[in-house]
**Student:** 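What follows is a single structure, and I will ask about it in a moment.
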Amino acid sequence: MLKFIKCLADIFLPPRCLRCGKIIQGENGLCDECFSQIKFISAPYCQTCGHPLPSGKTVAQCPLCVQGNKNLFRMQRSRVYYDENSRPLILNFKFHDRTENAEFLARWLYTAGHDIWQQGADVLIPVPLHQTRLRTRKFNQSALLCKELSKITGIPVDYTSLQKHRKTKPQVECSGQMRVRNIKNAFTVKFPQRLKDKRIVVIDDVMTTGSTLKECAKVLRLAGAKSVDALTVARVLK
Ligand SMILES: [Zn+2]
Ligand SMILES: [Zn+2]
């Protein structure tokens, strides 16, 4: 029955490429041309922060992580470079209600999180939106990604423990140090007892400077989390 409904939906609302909008066959989310332009993050990369390493490198960590740079995260992973080629697909997903693509992007998160699943994780947490933002946007893109990722991994999602209590300017309107100040102390943990000793994976669509994810990790650690990982679809990399 479900399959039948899906067939009907495909006839009347055929799947479209998330990047260019062209009608596509199958469930790959992107047409072949758009897919070929996406730059994937692949090995070798730093085992801790996930930053790509020069090819041929056999070391496990980048110079910063080797120095023991104080890292709030156990691991950070992302699937693609956030650049002019991947930007439209993220923006379409986020702002043009192309929510059906959460399923496809969750598969990317699953691939990128390979090391995380191997080490073990107890709960997925979306980067929360402030209530007023949630009302205007109607959905939290990170929560949708969590929901789909949970179906693949079997790891439960906690939608309510981490909350954004302070309204901030959109991070895209800020630069450098302003981003850090803008987001500082914007999050709280509402039910710390739920997160105590848990291995948490925080999910978002894009990591730019990492200040939002760091603020989340800070309060989750204070709440007693055993470890915090950051997993995003795309990441800005120089
Ligand atoms: Zn396309
Ligand atoms: Zn590193």
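Predicted model only: the values in this text are computed from it and were never measured. In each ligand, atom 1 is the first atom listed, and ligand 1 is the first ligand listed.
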**Student:** Look at the side chain of Ser86 and the backbone N and O of Tyr81, then say whether any donor-acceptor pair between them is shorter than 3.5 Å.
**Tutor:**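 It does hold such a pair.
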
**Student:** Show all protein N/O/S atoms under 2.8 Å from the Zn ion (ligand 1), or state that there are none.
**Tutor:**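 Cys17 SG, Cys20 SG, Cys31 SG, Cys34 SG, with waters left out.
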
**Student:** Looking only at the aromatic ring of each residue, does the gap between the centers of Phe35 and Phe40 stay below 6.0 angstrom?
**Tutor:**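 Yes - the distance between ring centres of Phe40 and Phe35 falls below the 6.0 Å cut-off.
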
**Student:** How many degrees, to 10°, between Cys62 SG and Cys65 SG as seen from the Zn ion (ligand 2)?
**Tutor:**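 SG of Cys62, the Zn ion (ligand 2) and SG of Cys65 span an angle of about 100°.
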
**Student:** Between Gln76 (side chain) and Phe73 (backbone), is there a donor-acceptor pair under 3.5 Å?
**Tutor:**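 Here the side-chain-to-backbone pair does not exist.
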
**Student:** Just one of Leu129, Ile183, Leu134, Val127 clears the side-chain contact (heavy atoms from CB on, under 4.5 Å) bar with Lys164, so which one?
**Tutor:**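 Among Leu129, Ile183, Leu134, Val127, the one that satisfies the side-chain contact (heavy atoms from CB on, under 4.5 Å) with Lys164 is Ile183.
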
**Student:** Kindly give the heavy-atom pair with the smallest separation between Cys146 and Ile203, and that separation in Å.
**Tutor:**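 So the two residues come closest at SG-CG1, 3.4 Å.
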
**Student:** Test the Arg107-Tyr110 pair against the cation-pi criterion, namely NZ or CZ under 6.0 angstrom from the six-membered ring centroid and within 45° of the ring axis.
**Tutor:**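 Geometry flag: not set, cation outside 6.0 Å or 45°.
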
**Student:** Give a yes or no on whether Glu103 atom CD has more than 12 heavy-atom contacts from other residues, nucleotides or ligands under 6.0 Å away.
**Tutor:**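 Atom CD in Glu103 is not crowded, with 12 or fewer foreign heavy atoms closer than 6.0 Å.
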
**Student:** Flag Cys49 as yes if one of its N/O/S atoms falls below 2.8 Å of the Zn ion (ligand 2), otherwise no.
**Tutor:**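 Within the cut-off used here (under 2.8 Å), Cys49 does place an N, O or S atom near the Zn ion (ligand 2).
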
